[in-house]
S.K.: 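Mind looking over this structure? Questions follow.
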Amino acid sequence: MSGELSPIDKAKFVAAKRSVDYVEDGMRVGLGTGSTAAWMVRCLGELVRDQGLNIKGVPTSTRTADLAREVGIDVISLDEARWLDLTIDGADEFDANLNLIKGGGGALLQEKIVATASDQMIVIADIGKEVETLGAFPLPVEVIPFGWQTTKSLIEEMLISMDVLGRDASLRMNGERPFVTDEGNYILDLHLGRIGKANQLAMVLNQMPGVVENGLFIDICDVVILGYGDGRVETRDINEGTVEEDRLDFLESDNLFTDLQD
């Protein structure tokens with residue numbers, strides 16, 4: 001074993017652990033991307049292995065697909081599934097209306113397609129991801145490589161008329177080369193500080209030539225499950241208008257997830 005989990009890893013784990021309670025036998029489940037979603041995939045894999053849970057998983061990235069297969073989840077494509085019962089994913093930020101910024105891991109396009117093809121989207125996060133107003137986390141925008149610098153300039157010019165604090169955009173890098181998504185595109189990270197009208201910004205961005213998709217998830221998330229470093233879990237259901245609190249107790253020596261610490 002690799003030692004005691006940090007409070008942030010405990011928070012991620014308990015949120016992920018609680019989220020798999022929503023998964024039922026026979027479901028088609030969208031599997032998110034990122035460090036918190038990876039805990040969830042491991043938790044599902046444990047249920048598949050130990051309790052015989054029978055599900056079909058639709059991953060939102062190649063790395064999630066690799067992990068899902070590794071832990072024994074039956075992986076299929078969205079085209080095979082056609083529609084999903086549930087998607088569980090993380091978020092980089094969320095507000096009181098459960099609007100999100102996603103895409104810190106570079107998989108926002110597949111994540112949004114899968115989430116919108118689901119009856120329900122559950123977001124799992126630690127309490128640090130909650131914000132009063134979206135925008136502190138840089139907003140990812142996926143763009144095609146052709147003419148990306150022109151697209152970047154057009155976006156920065158467009159932002160002058162938007163209700164945001166900052167207007168700088170930067171090309172996401174992977175070492176000395178541009179980061180490339182699973183679809184072969186680039187990502188521009190918009191450093192906005194605050195987004196006053198997220199719905200308007202999302203619509204305007206997606207109307208721009210060269211933009212494939214943006215990381216604003218508006219009116220898509222149904223439930224947020226928040227984890228705390230002391231094992232507490234808070235579940236907020238925006239459709240039911242409910243907030244439930246609980247605590248998950250676990251022994252680190254009994255779980256298989258410490259290899260996912262980050």
Side-chain angles (χ1 to χ4, degrees), residues 1-78 80-81 84-91 105 107 110-111 114-115 118-127 129 221-235 237 244-262:
M1 302 299 292
S2 54
E4 184 178 352
L5 293 177
S6 68
I8 189 69
D9 285 318
K10 288 179 182 178
K12 292 178 180 181
F13 172 75
V14 294
K17 189 74 170 176
R18 174 46 51 86
S19 73
V20 300
D21 291 344
Y22 284 79
V23 179
E24 300 176 3
D25 203 60
M27 276 189 169
R28 294 159 295 179
V29 182
L31 306 175
T33 294
S35 59
T36 310
W39 293 91
M40 175 270 300
V41 173
R42 289 285 178 133
C43 290
L44 280 178
E46 187 179 41
L47 294 177
V48 169
R49 184 196 64 207
D50 296 344
Q51 299 183 24
L53 180 69
N54 178 28
I55 61 171
K56 305 290 185 182
V58 175
T60 54
S61 66
T62 54
R63 58 188 181 275
T64 295
D66 290 342
L67 177 59
R69 292 189 181 99
E70 178 186 322
V71 300
I73 297 173
D74 188 5
V75 171
I76 62 173
S77 70
L78 183 58
E80 291 174 290
L84 304 177
D85 299 288
L86 177 67
T87 286
I88 306 175
D89 204 347
Q110 289 190 24
E111 288 174 335
V114 169
S118 304
D119 287 335
Q120 187 178 39
M121 182 191 189
I122 296 175
V123 162
I124 49 179
D126 60 86
I127 189 61
K129 302 298 174 60
C221 176
D222 300 287
V223 176
V224 164
I225 300 177
L226 285 174
Y228 294 79
D230 60 1
R232 287 181 296 134
V233 180
E234 182 178 308
T235 302
D237 188 319
E244 298 179 359
E245 296 185 1
D246 196 4
R247 181 183 297 273
L248 295 183
D249 296 318
F250 66 96
L251 297 175
E252 292 176 22
S253 59
D254 291 338
N255 76 71
L256 305 175
F257 313 112
T258 51
D259 60 322
L260 286 173
Q261 293 183 59
D262 55 21

S.K.: Strictly distance-based, threshold 3.5 Å: is any side-chain N or O of T64 a donor or acceptor partner for the main-chain N or O of G32?
M.R.: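 Indeed, once roles are kept as given, a pair shorter than 3.5 Å links the two residues.
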
S.K.: Show your reasoning for whether side-chain contact (heavy atoms from CB on, under 4.5 Å) applies to W39 and I124.
M.R.: CA-CA 10 Å; W39 293 91; I124 49 179; over 6 Å; no

S.K.: Does V114 form a side-chain contact (heavy atoms from CB on, under 4.5 Å) with D89? I'd like the steps, not just the answer.
M.R.: CA-CA 10 Å; V114 169; D89 204 347; over 6 Å; no

S.K.: Between R232 (side chain only) and V14 (backbone N and O only), is there a donor and an acceptor less than 3.5 Å apart?
M.R.: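 No, the answer is negative, given that no donor and acceptor are paired below the 3.5 Å cut-off.
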
S.K.: List for me each residue that meets side chain to side chain donor-acceptor pair (under 3.5 Å) alongside D74, sequence neighbours excluded, and say none if there are none.
M.R.: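 Result, side chain to side chain donor-acceptor pair (under 3.5 Å) vs D74: K56.
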
S.K.: Within the 4.5 Å heavy-atom criterion, are D85 and V29 side-chain neighbours or not?
M.R.: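 The answer is no, as the side chains (C-beta and beyond) never meet within the 4.5 Å cut-off.
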
S.K.: Applying salt bridge (Lys or Arg N to Asp or Glu O under 4.0 Å), name anything that partners D126, two or more places apart in sequence or on another chain.
M.R.: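 Residues passing salt bridge (Lys or Arg N to Asp or Glu O under 4.0 Å) with D126: K129.
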
S.K.: Determine, for R18 against E234, whether the closest basic-nitrogen to carboxylate-oxygen distance falls under 4.0 angstrom.
M.R.: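 Salt bridge: no.
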
S.K.: Would you find a donor on one side and an acceptor on the other, under 3.5 Å apart, between the side chain of E80 and the backbone of S77?
M.R.: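 Indeed, once roles are kept as given, a pair shorter than 3.5 Å links the two residues.
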
S.K.: Ignoring hydrogens and angles, tell me if any N or O in the side chain of D25 forms a donor-acceptor pair with the backbone of N54 under 3.5 Å.
M.R.: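 Yes; at least one donor-acceptor contact below 3.5 Å.
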
S.K.: If the threshold is 4.0 Å, N to carboxylate O, is there a salt bridge linking E46 and K17?
M.R.: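 Looking at E46 and K17, the cut-off is met.
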
S.K.: Between R63 and D66, does at least one N-O distance fall below 4.0 Å, as a salt bridge requires?
M.R.: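 Between D66 and R63 there is no salt bridge, as every charged N stays at least 4.0 Å from the carboxylate O atoms.
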
S.K.: Quick one, L47 and V23 - any side-chain contact, counting heavy atoms below 4.5 Å?
M.R.: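 Counting from C-beta outward, L47 and V23 never come under 4.5 Å.
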
S.K.: Using the rule given for side-chain contact (heavy atoms from CB on, under 4.5 Å), can you reason through L53 versus L44, listing the C-alpha separation, both sets of side-chain angles and the distance that settles it, and then say yes or no?
M.R.: CA-CA 8 Å; L53 180 69; L44 280 178; 4.1 Å; yes

